[in-house]
Amino acid sequence: MSNLYGDYNQKIDYVFKVVLIGDSAVGKTQLLARFARNEFSVDSKATIGVEFQTKTLVIDNKTVKAQIWDTAGQERYRAVTSAYYRGAVGAMLVYDMTKRQSFDHMAKWLEELRGHADKNIVIMLIGNKCDLGSLRAVPTEDAQEFAQRENLFFMETSALEATNVETAFLTILTEIYRIISKKSLTADDDDADGNSSLLKGTRIIIPSEQESGKRGGCCGKS
Ligand SMILES: Nc1nc2c(ncn2[C@@H]2O[C@H](COP(=O)(O)OP(=O)(O)OP(=O)(O)O)[C@@H](O)[C@H]2O)c(=O)[nH]1
């Protein structure tokens, strides 16, 4: 059996690590719960340290395992920053559209991300909690402008109502796939050893055989 989310007996062609970042309580954990398990919890506890969940899907007839990492927005609960970003090929910068401050902090989060992650990482800005429309504190245009200026994808979501959550994850994963598959075919960014800089230090592509035990640089549950 094969559908959008793949067949569990199928071999994995790619593993894409995507990180979630943003202030505490913007909804990172619930966006992940909605995408990975189609669940939502109203009494979500603050994340302590780092967690990740995986979801397997099919893009362009290839089986892609999305490994989505979630960390604490609260400084005191944050784990070692560089380890969190290592190997990430995508990032979702999440703010709460009812909390202006969480949007104003996006520049700071973006700076941290760009300071630690691969320069080719695909980034999406997410305005979460769009179900709370009457409490909106961040106009869509402000976010669009920021996204355009910083060259980010942008989407407004609701983890509660499952609005745009799947679309957001599929959009970023498809864009990562588009870049990776193009990189696999071209040698534009090759270094002196013939290795693509995008592929080299970042383990963007983890071949299926490495999935079964030889995977490097990752920890956590799957
Ligand atoms: N109305 C509404 N509430 C949401 C939505 N997403 C998350 N919440 C609520 O917002 C609160 C915080 O959600 P979390 O997912 O734990 O936030 P977080 O960004 O992971 O927080 P940290 O782990 O502290 O970084 C919880 O009470 C959630 O139920 C949403 O789309 N709409």
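Ligands are counted one by one from 1 in listed order, and the atoms in each one are counted from 1 as well.
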(message) For the residue pair Lys62 and Tyr14, would you count it as a cation-pi contact if the rule is NZ or CZ under 6.0 angstrom from the ring centre and within 45 degrees of the ring axis?
(response) no
Do [X] and [Y] touch side chain to side chain, with heavy atoms closer than 4.5 Å?
{"X": "Ile123", "Y": "Arg114", "answer": "yes"}
{"X": "Lys65", "Y": "Lys55", "answer": "no"}
{"X": "Lys99", "Y": "Asn128", "answer": "no"}

Does an N or O from [X], backbone or side chain, lie closer than 3.5 Å to an N or O of ligand 1?
{"X": "Thr157", "answer": "no"}
{"X": "Leu132", "answer": "no"}
{"X": "Asp70", "answer": "no"}
{"X": "Asp43", "answer": "no"}
{"X": "Gly22", "answer": "no"}

(message) I'd like to know whether CD of Gln101 has more than 12 heavy-atom contacts from other residues, nucleotides or ligands below 6.0 angstrom.
(response) no
(request) For Asn151, look at atom CG and say whether over 12 heavy atoms of other residues, nucleotides or ligands are found less than 6.0 Å away. (result) no
Judged on heavy-atom distance to [atom], which of [options] sits nearest?
{"atom": "atom 16 (O) of ligand 1", "options": "Ala72, Cys130, Ser44", "value": "Ser44"}
{"atom": "atom 17 (O) of ligand 1", "options": "Ser158, Gly27, Ala33, Ala46", "value": "Gly27"}
{"atom": "atom 11 (C) of ligand 1", "options": "Lys129, Glu161, Gln74, Gln30", "value": "Lys129"}

(request) Report the C-alpha separation of Thr47 and Thr29 in whole Å, then their side-chain angles, then the decisive distance to 0.1 Å, and conclude whether the side chain to side chain donor-acceptor pair (under 3.5 Å) test is met. (result) CA-CA 7 Å; Thr47 304; Thr29 300; 2.8 Å; yes
(request) Could you tell me the separation between the OG1 atom of Thr98 and the CZ atom of Phe103, rounded to the nearest 0.5 Å? (result) 13.5 Å
(message) Return the OG to CD distance between Ser24 and Gln74, rounded to the nearest 0.5 Å.
(response) 4.0 Å
Which residue owns the protein heavy atom closest to [atom], what's the atom, and how far is it?
{"atom": "atom 24 (O) of ligand 1", "answer": "Ser24 OG, 2.6 Å"}
{"atom": "atom 31 (O) of ligand 1", "answer": "Ala159 N, 2.8 Å"}
{"atom": "atom 32 (N) of ligand 1", "answer": "Asp131 OD1, 2.7 Å"}
{"atom": "atom 21 (O) of ligand 1", "answer": "Ala25 N, 2.8 Å"}
{"atom": "atom 28 (C) of ligand 1", "answer": "Ser41 O, 3.9 Å"}
{"atom": "atom 6 (N) of ligand 1", "answer": "Asn128 ND2, 3.2 Å"}
{"atom": "atom 27 (O) of ligand 1", "answer": "Val42 O, 3.0 Å"}
{"atom": "atom 19 (O) of ligand 1", "answer": "Lys28 NZ, 2.8 Å"}

(message) Ring-plane angle category for Phe154 and Tyr95, please: parallel below 30°, perpendicular beyond 60°, tilted otherwise.
(response) parallel
(request) Would you mind listing which atoms of ligand 1 come within a distance below 4.0 Å of any non-hydrogen atom of Gly73? (result) 22 (P), 25 (O)
(message) With heavy-atom distances below 4.0 Å as the criterion, list the atoms of ligand 1 near Asp23.
(response) 19 (O)
(message) If the contact criterion is a heavy-atom separation under 4.0 Å, does Leu20 count as touching ligand 1?
(response) no
(request) Only one of Leu170, Ile180, Val122 passes side chain to side chain contact (heavy atoms under 4.5 Å, CB included) with Glu175; say which it is. (result) Val122
(request) Could you walk me through whether Trp109 and Glu111 pass the side chain to side chain donor-acceptor pair (under 3.5 Å) test, one step at a time? (result) CA-CA 5 Å; Trp109 286 107; Glu111 192 185 323; over 6 Å; no
